[in-house]
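Structure, as structure tokens:
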Amino acid sequence: MTLQVRPVTPDRWDDLVALFGLDRGAYSGCWCMWWRQTAKEYDRDHGAPNREAMRAIVREGREPGLLAYRRGEPVGWVSLGPRGDFGRLDRSRVLGRVDDEEGVWSIVCFYIHRRHRRDGVAKALLAAAVARAAERGARCVEAYPVDLGAAAAKKASAELFTGTLAMFEDAGFREVARRGTARPIVRAPALR
């Protein structure tokens, strides 16, 4: 089945809400704000405050991610943007900057509706995210997937929200740093 992938713009806000669920907010009220907040902010704001924070980002026209549609229904999401939008990355010992490269964009999260998992939605979103980042001026795209081969135990699907290393490698990404055992930093081939 064909997928259409579109940026999240103000006119698509209701589609994001339909996918995430008004109260669920994808994962436990996250609304894909975890990477954008400090731990204290996230603990305080999960749920409705995070929904309103994401809504403000969308209203500002910042396109915080892409939605995948199947037959007009939103079935998946990928969060991407300039690395600087995700302050938690810079505060992380494991995922901090690997260099001073300018124009780095980050892919930080996927959410696929449970009825559409394991049928190519995440891979389509990944390809579209790299293309969209290039269109928006990114010079480099990086991500922080889980290496299932290094993980001590099988991960629940909710724990794979950053994607798997195998999916990124299949898309041509290569590992550029690994400061922990199961979460490498990977980058796509040069965009320009």
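Heavy atoms only: backbone and side chains are in, while hydrogens, waters and symmetry mates are out.
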Considering only residues two or more places apart or on different chains, which pairs with a residue in residues 51-61 satisfy side-chain hydrogen bond (donor to acceptor under 3.5 Å, both in side chains)? E60-R62
If you round to the nearest 0.5 Å, how far is CG of D15 from CZ of R12? 7.5 Å
Kindly indicate whether the side chain of F168, heavy atoms from C-beta on, has any atom under 4.5 Å from the side chain of P184. no
Shortest non-hydrogen contact from I107 to A129? CD1-CB, 3.8 Å
G120 and L3 have their tightest heavy-atom pair at O-CD1, 4.2 Å
Quick one: does any side-chain atom of S92 pair with a main-chain N or O of V94 as donor and acceptor, under 3.5 Å? yes
What's the spacing between L19 CG and R24 CZ if we round to 0.5 Å? 8.0 Å
Backbone N/O of I112 and side chain of R117: donor-acceptor pair under 3.5 Å: yes
Below 4.5 Å, heavy atoms only, C-beta onward: do T164 and P145 meet side chain to side chain? no
P64 to M54 - nearest heavy-atom pair and separation: CG-SD, 3.5 Å
Check step by step if side chain to side chain contact (heavy atoms under 4.5 Å, CB included) holds for D45 and M33. CA-CA 9 Å; D45 294 344; M33 293 298 296; over 6 Å; no
Suppose we screen for ring-ring contact (aromatic ring centres under 6.0 Å, His included). Which residues come up paired with F20, at least two apart in sequence or across chains? W31, W77, Y111
With heavy-atom distances below 4.5 Å as the criterion, would you say the side chains of W105 and D85 are in contact? no
Out of the candidates V186, D170, V146, only one should pair with L165 under the side-chain contact (heavy atoms from CB on, under 4.5 Å) rule; please name it. V186
Quick one: OG on S106 to CG on L89, what's the gap to the nearest 0.5 Å? 5.0 Å
With side chain to side chain contact (heavy atoms under 4.5 Å, CB included) as the test, would you mind laying out the steps for S79 and R36 before giving the verdict? CA-CA 11 Å; S79 179; R36 298 171 185 274; 4.3 Å; yes
The criterion is ring-ring contact (aromatic ring centres under 6.0 Å, His included); which residues satisfy it with F110, sequence neighbours excluded? none
Intermediate values then yes/no, side chain to side chain contact (heavy atoms under 4.5 Å, CB included), V5 and L67: CA-CA 6 Å; V5 179; L67 284 170; over 6 Å; no
Could you report the tightest heavy-atom contact between R139 and E102, atom names first, then the distance? CD-O, 3.6 Å
Sequence neighbours excluded, the answer for salt bridge (Lys or Arg N to Asp or Glu O under 4.0 Å) partners of D90 is R83, R97
All heavy atoms of Y69 vs all of G72, minimum pair found to be CD2-O, 3.7 Å
Can you check side chain to side chain contact (heavy atoms under 4.5 Å, CB included) on L95 and I185, steps first, answer last? CA-CA 7 Å; L95 303 176; I185 299 172; 4.1 Å; yes
Main chain of D43, side chain of H46: is a donor-acceptor contact present, judged purely on distance under 3.5 Å? yes
Hey, can you tell me if F161 and Y27 have their rings parallel, tilted or perpendicular (30° and 60° cut-offs)? tilted
Among residues two or more places apart or on two chains, list those pairs meeting salt bridge (charged side-chain N to carboxylate O under 4.0 Å, His left out) that have a residue in residues 171-190. D99-R187, E142-R187, D147-R178, E175-R178
Determine whether a donor-acceptor pair (N or O, by modelled atom type, separation under 3.5 Å) exists between the side chain of T162 and the backbone of Y144. yes
Hey, quick one: are V104 and V108 part of the same hydrophobic cluster, counting side-chain heavy atoms closer than 4.5 Å, chains of contacts allowed? no
Would you please say whether a donor-acceptor pair under 3.5 Å links the side chains of N50 and Y42? no
Among V75, V78, L126, which residue satisfies the side-chain contact (heavy atoms from CB on, under 4.5 Å) criterion with V121? V75
Check side chain to side chain donor-acceptor pair (under 3.5 Å) between E63 and all other residues, then give those that pass, not counting sequence neighbours. R132, R136
Check this for me: does any side-chain nitrogen of one of R70 and D119 sit under 4.0 Å from a carboxylate oxygen of the other? yes
